[in-house]
Amino acid sequence: MNKGSRLTLYIILAMILGIATGALVHYQAGAGFKTSFATNVKLLSTIFIRLVQMIIAPLVFSTLVVGIAKLGDLKAVGRVGGKAILWFITASLASLLLGMVLVNYFEPGALIKGLERDDAGLADLATKGKSFSLQNFVEHVIPKSFIEAMATNEILQIVVFSIFFGVAAAAIGDYAKPVVYALERVSHIVLKIVNYVMNFAPLGVFGAIAAVVASRGFKIFEFYANYFLYFIIGIVLLWMLLLGVGYLILGNRMKELMRRISSPLLVAFSTTSSEAVFPKLTEELERFGCRDRIVAFVLPLGYSFNLDGSMMYMTFASLAIAQAYGIQMPMGEQLTMLLVLMLTSKGVAGVPRASLVVVLATCAMFNIPPEGVALILPIDHFCDMFRTATNVVGNSIATSVVSKWEGELGE
């Protein structure tokens, strides 16, 4: 068994052990111990995610600058960027439409009326949601300080600065080669750190799963079984769509791609954090055959613009809340909501529970009671596991497809 397969096995075992430990605590321990256990064991997940977050900024900057400098000119940057954005927009619209169709067909809102609310979680989301406006969206995208963007892990701001830096380096030519060479070596060092950090993944997975099961137990599945089932149907259909399109373009190599990303996929699923697997995903896509310069350019953009699983859930959750309150939304208004979600969802990948923050803001915009978000909060962690994994699959396929379109997909 190779190292990657062993890590995948350890992660699966950590998930099972986390469920068993969490269930034991939830059903056997007192209320005080449950709360303290959930808080303390979640620190394992926090440690792992923070270890990954510390290397994201230097990795994005170094790989993206080197990638753009190697592309050589603005035409190449524009061509690759155009193909990536075309894929992102198409995939986002398909995901949003799928969520809209499913929620109109199954009407899950009728199932969540009167269920238990998570008002504390709602208050936390409302605090995060206050910053969502056109002005703050622009501020979120355009950096005022590169150092601040690095310190706060604002991926989109780092991408914007890196594009300017890389294009300038390409324009200068030979004079910039020592800097580009140095940054290329930095990226290799950071990728080596990735291998060290990934050894902590099973502990992070155990902590995340054990914490949520200890605090919620299995009772949550009884309450939300149908709502969750309809959401899973949507995820399955979305995976079929993504994998089908990927197979049409990549052919039999889709199997190899899915095998390559299986370990990052499990980590993303368990920790509900796409950021936690960004460095490892970069490495695996390069091993799959994608050119480093394409991966360095497309993958960071995908983390902000290509959140397929989150997109599908946004329309699903927003319209389900409207149904729960008996609000009838005509098709024209639903399509308007879809376009609003298309815009407001960009660049929020680094926000905790970003999907629900956007849902909260969208509900308020369309006169849907935003407190309805409290109805779906108890099940959100489990929905987040699936939509995060879907985001990882969508970005992996997008990067591989753009590499294929550019004739840069090697063995």
Quick one, Trp405 and Ile249 - any side-chain contact, counting heavy atoms below 4.5 Å? yes
Walk me through whether Ile16 and Ile12 qualify under side chain to side chain contact (heavy atoms under 4.5 Å, CB included). CA-CA 6 Å; Ile16 295 169; Ile12 292 171; 4.1 Å; yes
All side chain to side chain donor-acceptor pair (under 3.5 Å) counterparts of Arg185, not counting sequence neighbours: Tyr181
Kindly write out the residues that satisfy side chain to side chain donor-acceptor pair (under 3.5 Å) with Arg291, not counting sequence neighbours, or none if the list is empty. Glu408
Among side-chain atoms of Ser310 and Asn391, is any donor-acceptor pair under 3.5 angstrom? yes
Roughly how far, to the nearest 0.5 Å, is the CD1 atom of Ile233 from the CZ atom of Phe228? 11.5 Å
Tell me whether the count of non-hydrogen atoms from other residues, nucleotides or ligands lying under 6.0 Å of NZ in Lys42 goes above 12. no
Who pairs with Lys404 by side chain to side chain donor-acceptor pair (under 3.5 Å), at least two apart in sequence or on another chain? none
Closest non-hydrogen atoms of Met385 and Ser270, given as atom of the first, atom of the second and distance, are CE-CA, 4.3 Å
Can you name the ring-ring contact (aromatic ring centres under 6.0 Å, His included) partners of Phe146, sequence neighbours left out? Phe61, Phe161
Nearest 0.5 Å, please: how far is CZ in Arg259 from CZ in Arg253? 10.5 Å
Side-chain heavy atoms of Ile47 within contact of Phe200, under 4.5 Å: no
Geometric class of the Phe386/Phe231 ring pair [parallel <30°, tilted 30-60°, perpendicular >60°]: perpendicular
Glu148: what forms a salt bridge (charged side-chain N to carboxylate O under 4.0 Å, His left out) with it, not counting sequence neighbours? none
Minimum heavy-atom separation for Pro264 to Val277, with atom names? O-CG1, 3.0 Å
We want to know whether Tyr313 and Asp384 form a side-chain donor-acceptor pair, criterion being a heavy-atom distance below 3.5 angstrom. no
Pair Leu102-Leu237, side chain to side chain contact (heavy atoms under 4.5 Å, CB included): steps then yes or no: CA-CA 10 Å; Leu102 286 171; Leu237 291 174; 4.1 Å; yes
Output the distance between atom OG1 (Thr21) and atom NE2 (His26), rounded to the nearest 0.5 Å. 14.5 Å
Looking at every heavy atom in both Ala211 and Ala38, which two are closest together, and how far apart are they? CB-O, 3.5 Å
Which atom pair, heavy atoms only, marks the closest approach of Leu98 to Gly234? CD2-O, 3.5 Å
Restricting to side chain to side chain donor-acceptor pair (under 3.5 Å), what partner residues turn up for Lys255, sequence neighbours left out? none
In short, salt bridge (Lys or Arg N to Asp or Glu O under 4.0 Å) pairs touching residues 168-178 with sequence neighbours left out are Asp174-Lys177
Is there a side-chain contact between Met258 and Val393 (heavy atoms, below 4.5 Å)? yes
Atom pairs and distances, side-chain donor-acceptor, residues 280-290, under 3.5 Å, sequence neighbours left out:
{"from": "Lys280", "atom 1": "NZ", "to": "Glu283", "atom 2": "OE1", "distance (Å)": "3.3"}
{"from": "Thr282", "atom 1": "OG1", "to": "Phe278", "atom 2": "O", "distance (Å)": "2.9"}

To the nearest 0.5 Å, how far apart are CD1 in Ile261 and OG in Ser400? 8.0 Å
Under the salt bridge (charged side-chain N to carboxylate O under 4.0 Å, His left out) test, residues paired with Lys83 that sit two or more places apart: Glu406
Distance col, row Phe48:CZ vs Thr46:OG1, nearest 0.5 angstrom, shows 12.0 Å
Sort and list the pairs that fulfil side-chain hydrogen bond (donor to acceptor under 3.5 Å, both in side chains) and have at least one residue in residues 231-246, not counting sequence neighbours. Trp239-Thr390
Decide yes or no for Asn395 and Val298: does some side-chain heavy atom of the first lie under 4.5 Å from some side-chain heavy atom of the second? no
Output a table of donor-acceptor pairs, distance under 3.5 Å, between side-chain atoms of residues 334-342 and any protein atom two or more places apart or on a different chain; print 'none' if there are none.
{"from": "Gln334", "atom 1": "OE1", "to": "Asn104", "atom 2": "ND2", "distance (Å)": "2.7"}
{"from": "Gln334", "atom 1": "NE2", "to": "Asn104", "atom 2": "OD1", "distance (Å)": "3.2"}
{"from": "Gln334", "atom 1": "NE2", "to": "Met329", "atom 2": "O", "distance (Å)": "3.0"}
{"from": "Thr336", "atom 1": "OG1", "to": "Gly332", "atom 2": "O", "distance (Å)": "2.9"}

Work out which heavy atom in Met311 is nearest to a heavy atom in Ser92; give both atom names and the distance. CE-OG, 3.6 Å
Which atom pair, heavy atoms only, marks the closest approach of Ala398 to Asn306? CB-ND2, 3.8 Å
Out of curiosity, Met254 CE to Ser396 OG, how far, rounded to the nearest 0.5 Å? 9.0 Å
With Phe206 via ring-ring contact (aromatic ring centres under 6.0 Å, His included) - residues at least two apart: none
